[in-house]
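Following: one structure in structure tokens, then a few remarks.
Note: hydrogens, waters and symmetry copies are ignored here, and every other heavy atom, side chains too, is used.
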Amino acid sequence: MSIERVGTGAHTVLVLHGWFGSSRSWQALLPHLNREAFGYVFLDYRGHGDRRGETGRYSIAEAAGDVLAAADELGADRFSLLGHSMGGSVMQRVYADAPERVRALVGVSPVPASGVPFDEQSRQLFDGAADSAGSRRAIIDFTTGNRLTGTWLDAMVRHSLEHSDRDAFAAYLPAWADTDFHTEIKGSDVPVQVIAGRHDPALGAETMRATFGAWYPNLELEIFPDAGHYAMDESPVALATCVERFLKSH
């Protein structure tokens with residue numbers, strides 16, 4: 001397994017990307033990280049990033065198992081998890097499977113453990129994204145409030161196309177959208193921080209309060225006024241500051 005580590009700190013943070021992303025999706029965040037306090041480990045799912053061509057079931061459970069295998073390979077008995085979007089579901093599955101190993105969870109526009117319900121029109125758009133660059137662009141534009149430059153949107157689409165296998169990308173949609181294991185984590189006392197962008201119409205503050213807020217008694221919810229679904233690109237300095245302030249206390 002290809003593992004990229006940034007920082008030499010004793011507090012290990014396993015970083016999990018979203019559906020459109022890869023381990024390289026966090027590049028804008030790197031200059032702002034405290035590398036002495038933390039050791040950030042950026043991971044790819046099967047079929048994404050450096051693991052393109054690697055087959056599997058492409059499920060949330062499988063991805064979580066791979067995260068735990070990476071932690072074992074690193075010799076990290078305990079760690080925190082930072083997950084974006086689909087990575088928010090994966091990090092919660094890791095916690096459900098190995099709660100004694102998890103120090104804290106940080107979700108950036110994270111998918112809840114209940115999945116994400118869609119209306120019929122939206123589901124058709126998302127279902128078509130595996131074979132349509134235009135659908136991918138429309139989804140990214142919608143989830144950032146139709147307010148960002150077309151150059152950035154095109155770069156995000158290009159990254160998605162270049163860093164994921166088509167079949168893996170297609171399979172991960174029902175994995176994160178339709179998988180529901182929230183009864184396994186409801187009431188957990190793990191420290192959780194959720195960062196929601198004000199311009200994210202789907203996984204914004206209201207959804208976070210109704211899901212994470214209902215399940216995790218120790219939730220800290222942060223609303224980023226200048227971000228949509230991709231705070232690591234839209235507000236990287238604020239994101240690094242917010243995440244590290246929270247993790248330092250755990």
Side-chain angles (χ1 to χ4, degrees), residues 1 3 12-23 25-26 40-49 51 54-74 76-118 126 164 168-196 202-203 207-208 210-219 229 243 247 250:
M1 185 182 299
I3 295 176
T12 298
V13 184
L14 306 182
V15 186
L16 311 176
H17 63 81
W19 187 40
F20 282 96
S22 75
S23 59
S25 296
W26 304 86
Y40 291 92
V41 181
F42 297 86
L43 301 175
D44 285 307
Y45 312 127
R46 300 186 192 206
H48 279 253
R51 302 180 71 187
E54 188 171 342
T55 59
R57 298 187 302 276
Y58 308 125
S59 66
I60 297 300
E62 179 184 71
D66 286 349
V67 171
L68 287 168
D72 291 342
E73 184 176 337
L74 291 161
D77 292 331
R78 297 196 75 224
F79 48 82
S80 292
L81 292 150
L82 170 60
H84 172 244
S85 195
M86 172 183 161
S89 178
V90 177
M91 74 175 187
Q92 293 176 87
R93 184 69 257 174
V94 172
Y95 174 74
D97 292 341
E100 73 285 354
R101 300 185 67 176
V102 177
R103 294 175 61 162
L105 301 175
V106 179
V108 181
S109 298
V111 169
S114 57
V116 178
F118 286 95
F126 276 69
S164 65
F169 183 89
Y172 281 127
L173 172 59
W176 62 258
D178 303 336
T179 298
D180 183 353
F181 58 95
H182 81 277
T183 57
E184 296 182 53
I185 51 84
K186 186 176 182 180
S188 300
D189 61 0
V190 62
V192 181
Q193 180 187 63
V194 165
I195 296 160
L203 294 176
T207 298
M208 296 301 105
T211 54
F212 284 83
W215 306 330
Y216 294 102
N218 294 324
L219 175 70
H229 191 66
V243 169
L247 290 178
H250 301 289

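Here Arg57 pairs with nothing under the side chain to side chain donor-acceptor pair (under 3.5 Å) rule; sequence neighbours left out. With sequence neighbours excluded, the residues that form a side chain to side chain contact (heavy atoms under 4.5 Å, CB included) with Ser22 are Arg24, Ser25, Asp44, His159, His163. Take Ser164 and apply the side chain to side chain donor-acceptor pair (under 3.5 Å) test, not counting sequence neighbours, and it matches no residue. A search for side chain to side chain contact (heavy atoms under 4.5 Å, CB included) contacts involving Pro217 returns nothing, not counting sequence neighbours. Every salt bridge (charged side-chain N to carboxylate O under 4.0 Å, His left out) that Asp97 has, sequence neighbours left out, goes to Arg93. For His229, the side chain to side chain donor-acceptor pair (under 3.5 Å) partners at least two apart in sequence or on another chain are Ser85, Asp200. Considering only residues two or more places apart in sequence or on other chains, Tyr40 meets the side chain to side chain donor-acceptor pair (under 3.5 Å) condition with Glu244. For Ser188, the side chain to side chain contact (heavy atoms under 4.5 Å, CB included) partners at least two apart in sequence or on another chain are Tyr95, Ile185, Val190, Tyr216. By the side chain to side chain contact (heavy atoms under 4.5 Å, CB included) test, Asp180 pairs with Ser114, His182, sequence neighbours left out. Considering only residues two or more places apart in sequence or on other chains, Arg101 meets the salt bridge (charged side-chain N to carboxylate O under 4.0 Å, His left out) condition with Asp72. Partners of Phe169 according to the ring-ring contact (aromatic ring centres under 6.0 Å, His included) rule, which considers only residues two or more places apart in sequence or in another chain, are Trp19, Phe20.
Atom CG in Leu43 sits 11.0 Å away from atom CG in Leu82 (nearest 0.5 Å). A distance of 7.0 Å separates CG in Leu247 from CD in Gln193, rounded to the nearest 0.5 Å. To the nearest 0.5 Å, atom CG of residue Leu173 and atom CE of residue Met86 are 10.0 Å apart. Atom CD1 of residue Ile195 and atom OG of residue Ser109 lie 8.5 Å apart, to the nearest 0.5 angstrom. The CG atom of Leu74 sits 7.0 Å away from the CG atom of Leu14 when rounded to the nearest 0.5 Å.
Nearest heavy atoms, Arg46 versus Gly56: NH1-CA, 4.0 Å. In terms of heavy-atom proximity, Val108 sits nearest to His84 at O-CD2, 3.2 Å. The shortest heavy-atom contact between Ile60 and Ala175 is CG1-O, 3.3 Å. Across every non-hydrogen atom of Phe181 and Ser89, the tightest pair is CZ-O, 3.5 Å. Closest non-hydrogen pair, Ala177 versus Phe118, comes out as CB-CE1, 3.7 Å. When all heavy atoms of Trp26 and Val15 are compared, the pair lying nearest together is CE2-CG1, 3.2 Å.
By the 4.5 Å heavy-atom criterion applied to side chains, Asn218 and Val192 are not counted as neighbours. By the 4.5 Å heavy-atom criterion applied to side chains, Val116 and Thr207 are not counted as neighbours. Taking the side chain as every heavy atom from C-beta outward, Phe79 and Val102 approach each other to under 4.5 Å.
For the pair Glu62 (side chain) and Tyr58 (backbone), a donor-acceptor distance under 3.5 Å is present.
No option in Tyr172, Phe42, Tyr45 other than Tyr45 meets the ring-ring contact (aromatic ring centres under 6.0 Å, His included) test with His17.
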